[in-house]
Amino acid sequence: MREIIHPSMSQIGLADIMHALSDPIRLDIVRQLADGSSRTCSELAPGRPKSSMTHHFKILRSAGLVETRTVGNEHYNRLRRNELDTRFPSLMGTIVSLK
């Protein structure tokens with residue numbers, strides 16, 4: 001299985017985060033993970049095609065928003081909230097609270 005790459009916090013830019021969150025599906029995923037949970041791709045977007053979800057998670061990881069770990073055949077995702085709050089204070093709180 002291929003290694004999943006996660007950027008370091010110093011590599012993350014605000015423009016990348018905002019681009020990733022410009023899609024309603026990705027924004028919904030981030031909001032679901034804001035409670036601190038770790039969930040599988042299928043739990044976060046049931047019924048959506050696997051290929052499109054793979055694309056969405058790749059963008060979220062590249063922007064530094066989520067961390068994905070593999071357990072067997074499952075991919076568990078968590079919001080990198082603590083790291084993001086350190087790098088961009090109050091950004092995630094604002095994004096999560098907006099409706």
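By convention here, the first residue in the shown sequence is residue 1.
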- Query: Can Leu27 be reached from Leu44 by stepping across I, L, V, M, F, W or Y side chains whose heavy atoms are under 4.5 Å apart?
  - Reply: yes
- Interatomic spacing from NE2 in His75 to OG in Ser42 - rounded to 0.5 Å: 11.5 Å
- Task: Before giving the answer on side-chain contact (heavy atoms from CB on, under 4.5 Å), spell out for Met53 and Ile29 the whole-Å C-alpha distance, their side-chain angles and the decisive distance to 0.1 Å.
- Result: CA-CA 10 Å; Met53 293 315 298; Ile29 290 168; 3.5 Å; yes
- Task: Can you sort out the partners of Asp28 under side-chain hydrogen bond (donor to acceptor under 3.5 Å, both in side chains), two or more places apart, ordered by chain and number?
- Result: Gln32
- Note on the structure: All heavy atoms of Ala34 vs all of Val96, minimum pair found to be CB-CG2, 3.6 Å
Determine all donor-acceptor pairs shorter than 3.5 Å in which one atom belongs to a side chain in residues 85-92; sequence neighbours excluded.
{"from": "Asp85", "atom 1": "OD1", "to": "Arg81", "atom 2": "NE", "distance (Å)": "3.4"}
{"from": "Asp85", "atom 1": "OD2", "to": "Arg81", "atom 2": "NE", "distance (Å)": "3.1"}
{"from": "Thr86", "atom 1": "OG1", "to": "Asn82", "atom 2": "O", "distance (Å)": "3.0"}
{"from": "Arg87", "atom 1": "NE", "to": "Met9", "atom 2": "O", "distance (Å)": "2.8"}
{"from": "Arg87", "atom 1": "NE", "to": "Ile12", "atom 2": "O", "distance (Å)": "3.1"}
{"from": "Arg87", "atom 1": "NH2", "to": "Ile12", "atom 2": "O", "distance (Å)": "2.7"}

Please tabulate, for side-chain N and O atoms in residues 54-61, each donor-acceptor pair with protein atoms closer than 3.5 Å (sequence neighbours left out).
{"from": "Thr54", "atom 1": "OG1", "to": "Lys50", "atom 2": "O", "distance (Å)": "2.9"}
{"from": "His56", "atom 1": "ND1", "to": "Arg26", "atom 2": "NH1", "distance (Å)": "3.0"}
{"from": "Arg61", "atom 1": "NH1", "to": "Thr68", "atom 2": "OG1", "distance (Å)": "3.1"}

- Task: Please list, chain by chain and in numerical order, all residues satisfying side-chain hydrogen bond (donor to acceptor under 3.5 Å, both in side chains) with Arg78, sequence neighbours excluded.
- Result: Glu67, Glu83
- Task: Could you pull out the closest heavy-atom pair between Leu65 and Leu79, with the gap in Å?
- Result: O-CD1, 3.2 Å
- Note on the structure: What one should report as the nearest heavy-atom pair of Ala20 and Ala63 is CB-CB, 3.7 Å
- Query: Atom CG in Leu21, atom CG in Asp16: separation rounded to 0.5 Å?
  - Reply: 11.0 Å
- Task: Mind running side-chain contact (heavy atoms from CB on, under 4.5 Å) on Arg31 and Leu98 for me, showing each step along the way?
- Result: CA-CA 10 Å; Arg31 286 184 172 149; Leu98 293 175; 3.8 Å; yes
- Do Ile25 and Ile17 sit in the same hydrophobic cluster, where Ile, Leu, Val, Met, Phe, Trp and Tyr count as joined when their side-chain heavy atoms come under 4.5 Å apart? yes
- Task: Output all residues satisfying side-chain hydrogen bond (donor to acceptor under 3.5 Å, both in side chains) with Ser52, sequence neighbours left out; order by chain, then residue number.
- Result: none
- Query: What closest approach, in Å, do Ser97 and Thr94 show between heavy atoms, and which atom pair accounts for it?
  - Reply: OG-O, 3.0 Å
- If you group Ile, Leu, Val, Met, Phe, Trp and Tyr by side-chain heavy-atom gaps below 4.5 Å, do Met18 and Val30 land in one group? yes
- Message: Checking Asn77 against Ser38 for the side-chain contact (heavy atoms from CB on, under 4.5 Å) test, could you report, in this order, the C-alpha distance in whole Å, the side-chain angles of both residues, the deciding distance, and whether it holds?
- Response: CA-CA 5 Å; Asn77 301 279; Ser38 182; 5.9 Å; no
- Treat each ILVMFWY residue as a node, draw an edge where side-chain heavy atoms are under 4.5 Å apart, and state whether Ile95 and Leu33 are in one component. yes
- Note on the structure: Glu74 meets the side-chain hydrogen bond (donor to acceptor under 3.5 Å, both in side chains) criterion, sequence neighbours left out, with none
